[in-house]
Every structure is written in structure tokens, then in C-alpha cells.
There are 2 protein chains.
Amino acid sequence: MSKCNGFAKQARVLKALANESRLIIVDRLSRGECTVGDLTELVGSDASTVSKHLALLRAHGIVEDRRAGNLVYYRLLTPCVCKFFSCATQVLEERSR
Amino acid sequence: MSKCNGFAKQARVLKALANESRLIIVDRLSRGECTVGDLTELVGSDASTVSKHLALLRAHGIVEDRRAGNLVYYRLLTPCVCKFFSCATQVLEERSR
DNA sequence: GGCGTATTTGGCCAAATGGCCATATACTGC
DNA sequence: GCAGTATATGGCCATTTGGCCAAATACGCC
């Protein structure tokens, strides 16, 4: 396993999550799979924009998709990313101290 | 406390960490405080660049600085960010599967 | 004060980001 | 095949990012 430059790879993963819309998506998916349409409505951006966010999350191994007829369902592949929420909250509390 | 739009705030925290140089810095600081000079040598970028990274981390409540004479020591304020490393690794493993 | 060292700030610039619109593709049902 | 719905892709553009260099600031020492 490549041990050198692991930070670059890890940075890419973090970057994939470091976006408000994508956090909304991940948070929603942490409670069960849903369709692109559901996520689009939730995020409030253009469907094309949400689709790009999903493609990016998929490319980084964070979500997975499954087509069912006319719909495409996405689900969270690495639930550990939810740890980020609690830590980010803690950082925010630290700052406001 | 503002509960709405918490995702935007969390995204800002993640973004603060989503950079190779800053991950190197955080990883180093997780093993104890050190000076800007130490970090500059470790990261391998210009001192001014490292200083800006540190300012950004400080602005987000992730690190804290302490001046001792001619030197400025930085230390990690929110060690929970280290959780990110293990999760990022897990995501990377998932992708390579 | 003046010099040397450590750190920060400002200016600049190429590259990446994230949004929208328009268009293309995938599927269902007729 | 054609029409309608769901999702993805390409083009475009304003903003942000992250690096370097040069200059400014902070401190210790003589």
C-alpha cells in the first residue's frame, strides 16, 4: 500500500465532502437511500448541479447508485463520514468560545 | 444557537481541512505543538504560504498560537479532527475495492 | 537605535469550484 | 416509433484557492 503522499489522497476525500450541498446529500443518505429527484428538491439547486455532486461523491467511493426503471437511487457507501458532522460541530463550538 | 444552515458552517470547517498541506500540519500538531519554522520545513512550501494555512486553521478554531520570544508555537485545539484521517482512509479502501 | 531572524501580510496569477442553462441520454408507456 | 419523465453531460462564467515573491511587522541582541 502506498504510504507516501497519503495526505494528498485524504485531502481529496475531505474536499469531496467540503461543500454545503454535498453535506446535505450525505446527511440525507445517512438515513436511507433515495432518488436524485428527492435530493434535488432537498438541496434546492438545479438537477444538473445535484447530479454533478452525486457523480463526484460516487467517484470518491462515498456513495453508490442503483437504477430502478426510470429512477436512480443513491445510498451511502461509507457511513463513517457521519463522524465528520459531530467533529465539525465541536470545532464550531470551540471557535465560539 | 443557530440551527439552520448548519451545513454551510460545517462545510466551512471541512473545507479548512481539505488541503494536503493543512492535513500535514494538523497531523504534525496532533503529536504536539511546534513552530511555524518546523511546519514550513515539513510542508515544503514557502513560509508565507504556511503562515496563511495556519491563519486559516486558526480562524476556524482548529489551532491556537502562542508567541515565545522570536518564535510562534501552534497547537491543535480540536483533536477530534484526527478522526478524519481514519475515515478518509476507509473511504479510500472502499473505492479501491 | 540598528541588525538578524521569525512570522505575517499584500499583490499577483493560474487553476479549480460550483452554480445555471441547454442538450443529450435512459427509461416507461402508448 | 413518439411523447413524457428522470438523470447525466457539456458549455459557460464569476468566485475561490493556493502557490510564490516582495515587503512589512515582531522580537532579541548588541
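Sequence lines set the chain letters: A, B, ... in the order given, protein chains first and strands last, and positions in each chain run from 1. Here the structure is a predicted model, which means the values were calculated and not measured.
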Notebook entry, point to check: Considering only side-chain heavy atoms of Leu71(A), which listed nucleotide, dA6(D), dT7(C), dA8(D), is closest?
Noted result: dA6(D)

Check: Atom NE2 of His60(A) to atom P of dA16(C): distance rounded to whole Å?
Finding: 13 Å

Margin query: Using whole Å, what does the distance between atom P of nucleotide dT8(C) and atom CZ of Arg66(B) come to?
Written below: 14 Å

Next item on the list: Taking only the side-chain heavy atoms of Arg22(B) (C-beta and beyond), determine which of dC20(D), dA16(C), dG18(D) contains the nearest atom.
Entry: dG18(D)

Check: With no angle test and no hydrogens, is the base of dT5(C) tied to the side chain of Asn70(B) by a donor-acceptor pair under 3.5 Å?
Finding: yes

Next item on the list: Using only heavy-atom distances, decide whether a donor-acceptor pair under 3.5 angstrom links the side-chain of Ser48(A) to the base of dC21(C).
Entry: yes

Checklist line | Atom-pair distance (NE2 on His53(B); C1' on dT9(C)), nearest Å | finding: 15 Å

Check: Just by modelled atom types, is the Ser45(A) backbone N or O under 3.5 Å from a matching donor or acceptor in the Thr49(A) side chain?
Finding: no

Margin query: Taking any heavy-atom pair under 4.0 Å as a contact, classify Thr40(A): base, sugar-phosphate, or nothing.
Written below: nothing

Margin query: Please check this pair: side chain of Ser51(B) against backbone of Ser48(B), looking for a donor-acceptor N/O pair closer than 3.5 Å.
Written below: no

Margin query: Exactly one of Ile25(A), Leu56(A), Val26(A) should register a side-chain contact (heavy atoms from CB on, under 4.5 Å) with Leu17(A). Which one does?
Written below: Val26(A)

Notebook entry, point to check: So what does Ala47(B) hit on the nucleic acid, given a heavy-atom distance under 4.0 Å: a base, only sugar-phosphate, or nothing?
Noted result: base

Check: Taking OP1 and OP2 of dT17(C), is either one under 4.0 Å from a side-chain nitrogen or oxygen of Lys15(A)?
Finding: yes

Next item on the list: Rounded off to whole Å, could you give me the CG-to-C1' distance for the Asp46(A) and dC12(D) pair?
Entry: 14 Å

Notebook entry, point to check: Which of the following nucleotides, dA8(D), dG4(D), dG19(C), is nearest to the side chain of Ser21(A)?
Noted result: dG19(C)

Notebook entry, point to check: With sugar-phosphate meaning primed atoms plus P, OP1 and OP2, does Tyr74(B) contact a base, only sugar-phosphate, or nothing at under 4.0 Å between heavy atoms?
Noted result: sugar-phosphate

Margin query: Whether Lys9(B) and Glu20(A) form a salt bridge (side-chain N of Lys/Arg under 4.0 Å from carboxylate O of Asp/Glu) is what I want to check.
Written below: no

Margin query: Nearest to the Asn19(B) side chain among dG18(C), dG18(D), dA8(D), which nucleotide is it?
Written below: dG18(D)

Item checked: Rounded distance (Å) that lies between atom P of dA8(D) and atom OH of Tyr73(A) -> 13 Å

Notebook entry, point to check: Side-chain N or O of Thr49(A) less than 4.0 angstrom from OP1 or OP2 on dC20(C)?
Noted result: yes

Note to self: Nearest heavy atom decides the nucleotide; on that basis, is Ala18(A) or Arg67(A) closer to the 5' end of DNA chain C?
What the structure shows: Ala18(A)

